[in-house]
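Data first, discussion second: the structure below is written as structure tokens.
Just so we're on the same page: letters track the sequence lines, and every chain starts at 1. Just so it is clear, the values below take in all heavy atoms, side chains as well, and ignore hydrogens, waters and symmetry mates.
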Amino acid sequence: MRYDHGGIERKWQERWEAEGISHAPDFDARPKYYFLTMYPYPSGDYLHVGHWFAYVPADAKARYLRMCGCNVLFPIGFDAFGLPAENAAIERGIHPYKWTMDNIDHMRRQFRAMGAMWDWKREIVTCMPHYYKWNQWFFLKMYERGLAYRRLAPVDWCPKDNTTLAREQVVGENRVCERCGTPVIKKNLAQWFLKITAYAEELLDFSKIQWPERVVTLQTNWIGRSEGVEFEIPVKGHPGISFRVFTTRPDTVYGMTFCVLAPEHPLIDQLTTLDRRADVEAYKFKAARESDIERLSTERERDGYFIGAYAINPMDGAEVPIFIADYVLLTYGTGAIQGVPAHDTRDFGFARKYDLPIPVVVAPPGWDGQPLEEAYLDEGTMVNSGPYSGLPSPVGWERIADDMVARGIGERKVHYRLHDWLISRQRYWGTPIPIIYCPDCGTVPVPYEDLPVVLPEDAEFRPTGESPLKFHAGFRQVHCRRCGRPAERETDTMDTFIDSSWYQYRYLSPHYDQGPFDPEKGRVWLPVDQYTGGVEHAVMHLLYTRFWTKVMRDLRLVDFDEPMIRLFNQGIILGPDGHRMSKSRGNTVTADDMVEQYGADVVRAYLMFIGPWNEGGPWNPQGIEGIVRFLARTWALVTEPPGGGGGDGTLRARDVEYRTHHTIQRVTEDLDGFRFNTAIAALMELVNFLQRARSTPLYGTPVWHEAVRSLVLMLAPLCPHVAEELWVEHLKEPYSVHQQAWPAFDPAKATAEQITLVLQVDGRVRDRVDVPAAITDAEAHEVALGNPRVRQFTDGKQVADVIVVPGRLVNVVTR
RNA sequence: GCGGGCGUAGCCGAACUGGUAUAGGCGCCAGACUUAGGAUCUGGUCGGCGCAAGCCGGUGGGGGUUCGAAUCCCUCCGCCCGCACCA
């Protein structure tokens, strides 16, 4: 029989838990290692194989690091606030708290069945008041520093989830809600923002972290830094009135033949002439009514209207018409632009449509003075640019920028695409924003001693989509903490990305009540050494948590700049249909049944074996039998005496030794590099080899024991239960295998004595010969030229060259 | 449109810095042990030609650099991801 996985796994899980071997002591002589993996949302789907794929390799790596001598902190918790809980409340009348906690209970059981070394003593659940109290505390700290502010702004609203969203949570070409896929609409609302833009420049600096290039690129593009000049353009006939434009191309300013204001630009009404008013009003109306989807349809022609007013180019006094057009956005730059059709694709199309002149001011190399067929965007020689003509455009760029500054009409400016983080949510199941609005005192922050502002339990969940807090008199009606007169609480709650922005700190001391975390423990554990999780959080969670850490640094809570030093993005396991697993799609696959049938160790190993961790792909359970057989063979190898036959009598002790050490080297390097699939393949090769050595006199010799012990030790992080059972019950080694040192390899033993030397003639393999590994180049040279098969192909030809690649091959080149 | 990634046996995937393409596994074929085998063990398994030894072709297509290319360069095709009027 194979082995009784059910009994073995339960037995060891209970003992590990009872003895607390997964708990990382805060103060310990070993070097610390904080290994963090993204915590799950406790959804009604519970944990599926996609979760296992994320957590099991992380656990294996954490276990490996512990065997390597580190004191590894490997915590888990639950991202417990969020919309699905509230939707369940509306649809089925279950309170979000109960729904969430029931799901968490279920998931805890699944997490235990996984056999992972979670440090349960540090578990956090973000919907608990003693957690979200600190969200509020941070909010107040930011409010004091001007980093949290309330502003009336056009914001993205999801009509299905009935809440506003941060810019990062609106995705794709159609601008849909990141959570539910519904197209968002614009609303003008007073909302709370966190000033992440204050850190834009610093967030572009990735020099202190080792993160995947991909994430660095995503964040860099998201922040979208552009450097240019903002300058003042006076309006003809309106003394004292001017508007500002932002451009990254001050070198093209002499090519301006029109200006464009965004439809929402505040000067439009004032500047539009009477004869133009009707058209402009109609256009404004159209732009306001049109959804972003329509406005952004890729191939739509840019249109606009002349408003009747003229702008004066501050550099040469030229008068150009002012247009209103929706291709200029109020939310970027100044909401107004200089129209330079010759050197901007959009302006080019606009000028063509309205027959505006397209003068070239940056000549392309070899330009013959003819009109352009399309906008020329590259560098060139400046022409028709007054005193700047003849300069290379990059030089002109700097000169014009300097001159605008010197003449007081402009300034150098950097703009970012990044917006401040909109954190208000018109929902119940989140952290209440600790603010009171008093008719007399205005916006009053809740005093620290009143925290936490607790969610009322008796909220009413209506299908109308309105926030239950808004209609909860007991919550809403308060007395001002300054003047004592009746006032109102803020009823919006915080974006749940707030919770995850600092959860890594709370794990250190989840019950600490003097601050978000115990600074003494912070000095031990921080920052996070290794973080793992999906790449889908690249511009949300991973950007927010970097921002949060920088704020914490400025609050002197931490003394470093980045939350997580290293990051690894695992791939995503899709449903068997190739789509993302989700309950609504009905393609989720649970690990529960497989764990029942095969045991957690088999499921763990299979998930690690199917491919590189960073790739993922559609779920396909075919092949799990391979892992079943591998573990059964391993089991038999350790537990059963040699049977008859099947042994390879030519094997020597040195072969076993080489295989063992070579495998240790391979597995060590693979686990260092998160290459679990090849680590398991190496272990399979070792087992297959040992099986051939088993029914020989080598069985039971010291090299045999070393091989078997090493095998079980290497198996321990991957398949912790089987390894423990073999280690303790069959090898009679001291409990626990998980507290043993990772086997070391001896480089001398890990090197083969014999190598296969490949003999090529003109790059084609003609023979392979076994030679001592220590063969010199000259000897290899000779072996090759003396080889009959090589001779057969060099016969009658002249040897032009012999290339020796030490330890690998010899290539005889003929002429 | 811009940016990034990927493409290797029937399938999942290996291949260090340019040096034996296809390790390991699944599946399939054959054999052994068996009353039996959906267990286990052994062997085989990229294609073409060949009795065989072997030869030739082969890493999405085409071209190039090199003694030698899955790997580097150019180009085309396909798939995936991100951004998308950002001035």
Side-chain angles (χ1 to χ4, degrees), chain A residues 1-2 171-173 175 213-215 217-218 220-222 224-226 228 230 245-249 252 260 262 295-300 302 325-329 331-340 343-347 349-350 415-418 535-536 538-539 572 578 606 609-612 614-615 617-618 620-627 629-630 632-633 636 643-646 666 669 675 677-688 691-692 756-768 789 792 800-815:
Chain A
M1 191 45 215
R2 294 171 173 185
V171 298
E173 196 175 343
R175 297 187 42 78
E213 205 43 53
R214 172 130 182 256
V215 175
T217 307
L218 284 171
T220 304
N221 293 343
W222 188 261
R225 182 183 202 274
S226 55
E230 211 174 278
V245 297
F246 174 68
T247 181
T248 56
R249 294 296 304 273
T252 66
V260 182
R295 239 169 108 161
L296 290 176
S297 83
T298 327
E299 284 309 305
R300 212 186 75 155
R302 279 170 263 280
D326 67 4
Y327 81 91
V328 173
L329 311 172
T331 50
Y332 188 80
T334 58
I337 60 156
Q338 56 164 0
V340 182
H343 306 293
D344 181 281
T345 316
R346 296 150 301 176
D347 297 346
F350 195 79
H415 275 279
Y416 302 93
R417 215 182 65 107
L418 180 72
V535 76
E536 67 272 17
V539 294
I572 302 169
Y606 183 58
F609 183 63
I610 47 178
N614 59 335
E615 281 178 27
N620 176 4
Q622 280 175 13
I624 197 165
E625 281 299 328
I627 295 292
R629 289 179 199 139
F630 161 64
R633 275 201 291 269
R666 282 173 66 185
E669 288 168 0
R675 292 183 296 271
N677 57 330
T678 48
I680 292 174
L683 291 178
M684 286 175 167
E685 287 180 57
L686 179 62
V687 167
N688 294 345
Q691 208 156 8
R692 285 192 287 127
T756 301
L757 190 66
V758 171
L759 305 181
Q760 294 183 335
V761 177
D762 295 325
R764 290 167 178 277
V765 178
R766 295 305 180 187
D767 205 1
R768 296 177 172 89
R789 301 233 350 100
Q792 193 183 321
D801 199 1
V802 178
I803 291 153
V804 179
V805 182
R808 291 195 174 274
L809 63 73
V810 182
N811 187 13
V812 180
V813 184
T814 67
R815 207 178 332 252

Dump every N/O contact between nucleotides 43-45 of chain B and the protein below 3.5 Å, one line per pair.
none

Please name all residues satisfying side-chain contact (heavy atoms from CB on, under 4.5 Å) with A/A336, sequence neighbours left out, ordered by chain then number. A/F243, A/V245, A/L261, A/H265, A/T334
In whole angstroms, the gap separating P of B/A87 from OH of A/Y416 amounts to 13 Å
Can you tell me how far apart CD (A/Q622) and OH (A/Y606) are? Round to the nearest 0.5 Å. 7.5 Å
Compare every heavy atom of A/Y332 with every heavy atom of A/Y416, then report the nearest pair and how far apart it is. O-CE1, 3.7 Å
Of the listed nucleotides B/A87, B/C83, B/U20, the one nearest the side chain of A/L809: B/U20
Rounded to the nearest 0.5 Å, what's the gap from CZ on A/R768 to CZ on A/R789? Could you check? 10.5 Å
Using 0.5 Å steps for rounding, measure from the CD atom of A/Q338 to the CG atom of A/D347. 8.0 Å
Distance check needed: B/C11 C1' versus A/N620 CG, whole Å only. 8 Å
Distance between the P atoms of B/G18 and B/A70, in whole angstroms? 13 Å
Run the side chain to side chain contact (heavy atoms under 4.5 Å, CB included) check on A/V535 and A/V215 step by step: do they pass? CA-CA 7 Å; A/V535 76; A/V215 175; 4.0 Å; yes
Could I get a table of every N or O pair under 3.5 Å where one atom is in the protein and the other is in nucleotides 23-25 of chain B?
| from | atom 1 | to | atom 2 | distance (Å) |
| --- | --- | --- | --- | --- |
| B/A23 | O2' | A/E685 | OE2 | 3.1 |
| B/G25 | OP1 | A/N688 | ND2 | 3.0 |

Produce the list of close N/O pairs, under 3.5 Å, pairing protein atoms with atoms of nucleotides 67-69 of chain B; give distances to one decimal.
| from | atom 1 | to | atom 2 | distance (Å) |
| --- | --- | --- | --- | --- |
| B/C67 | O2 | A/N811 | ND2 | 2.4 |

A/I624 CD1 to B/G38 C1': how many Å, rounded? 16 Å
Which distance, rounded to the nearest 0.5 Å, do you find between the CG of A/N811 and the CZ of A/R764? 11.5 Å
Hey, where does RNA chain B pair up into stems, meaning at least three consecutive Watson-Crick or G-U pairs with distances under 3.5 Å? B:1-7 with B:77-83, B:10-12 with B:24-26, B:27-32 with B:40-45, B:46-49 with B:54-57, B:60-64 with B:72-76
B/C12 versus B/G27 - spacing of their P atoms, nearest Å: 15 Å
P atom, B/U8 versus B/G60: distance in rounded Å? 6 Å
Considering non-hydrogen atoms only, spot the tightest contact between A/V539 and A/L218 and give its length. CG1-O, 3.6 Å
When rounded to the nearest 0.5 angstrom, what distance separates CG in A/N614 from CD1 in A/I572? 12.0 Å
In B/A9, glycosidic geometry as syn within 90° of 0 or anti otherwise: syn
Under 3.5 Å, which N/O atoms of the protein pair with N/O atoms of nucleotides 52-59 of chain B?
| from | atom 1 | to | atom 2 | distance (Å) |
| --- | --- | --- | --- | --- |
| B/C55 | OP1 | A/R766 | NH1 | 3.3 |
| B/C55 | OP1 | A/R789 | NH2 | 2.7 |
| B/C56 | OP1 | A/R766 | NH2 | 3.4 |
| B/C56 | OP2 | A/R766 | NH1 | 3.1 |
| B/G57 | OP1 | A/R764 | NH2 | 3.4 |
| B/G57 | OP2 | A/R764 | NH1 | 2.8 |
| B/G57 | OP2 | A/R764 | NH2 | 3.0 |

Rounded to whole angstrom units, what separation is found between the CG atom of A/L329 and the C1' atom of B/C83? 14 Å
Provide the distance between the two C1' atoms, one in B/G24 and one in B/C33, to the nearest whole Å. 27 Å
Whole-Å gap separating C1' (B/A84) and OH (A/Y332): 14 Å
pair A/R417-A/T331: side-chain heavy atoms closer than 4.5 Å: no
With RNA chain B as reference, determine whether A/G617 or A/R249 sits nearer its 5' end, using the nearest nucleotide of each. A/G617
Pick base, sugar-phosphate or nothing for A/L218, based on heavy-atom distances below 4.0 Å to the nucleic acid. sugar-phosphate
Should the ring pair A/H415 and A/F246 be called parallel, tilted or perpendicular, given that the plane angle runs from 0 to 90° and is split at 30 and 60? perpendicular
note: A/I572, atom CD1; B/C79, atom P; distance rounded to Å ~ 20 Å
Using atom CD of A/Q622 as one end and atom C1' of B/G38 as the other, report the distance to the nearest whole Å. 15 Å
What's the gap between B/U17 and B/A9 when it is taken at their C1' atoms, as a whole Å value? 27 Å
What's the CZ-C1' distance between A/R214 and B/C80, to the nearest Å? 9 Å
Reported CZ-to-OG1 distance for the pair A/R225 and A/T248, which is rounded to 0.5 angstrom: 12.5 Å
Of all the heavy-atom pairs spanning A/F609 and A/N677, show the shortest one and how long it is. O-CB, 3.5 Å
To check you understand the geometry: which heavy-atom pair defines the closest contact between A/G626 and A/M684, and what is its length? O-CE, 4.3 Å
Interatomic distance at C1', B/G47 relative to B/A21, whole Å: 14 Å
Using atom P of each nucleotide, how far apart are B/U71 and B/U20 to the nearest Å? 13 Å
Check: A/D762 side chain, A/T814 main-chain N or O, donor-acceptor pair, under 3.5 Å: yes
For A/H415 and A/T217, find the nucleotide of RNA chain B closest to each by heavy atoms; which residue's nucleotide sits nearer the 5' end? A/T217
Considering only the P atoms, how many Å lie between B/G63 and B/G57, rounded to the nearest integer? 14 Å
With a non-hydrogen cut-off below 4.0 angstrom, is A/R768 in contact with a base, only sugar-phosphate, or nothing? base
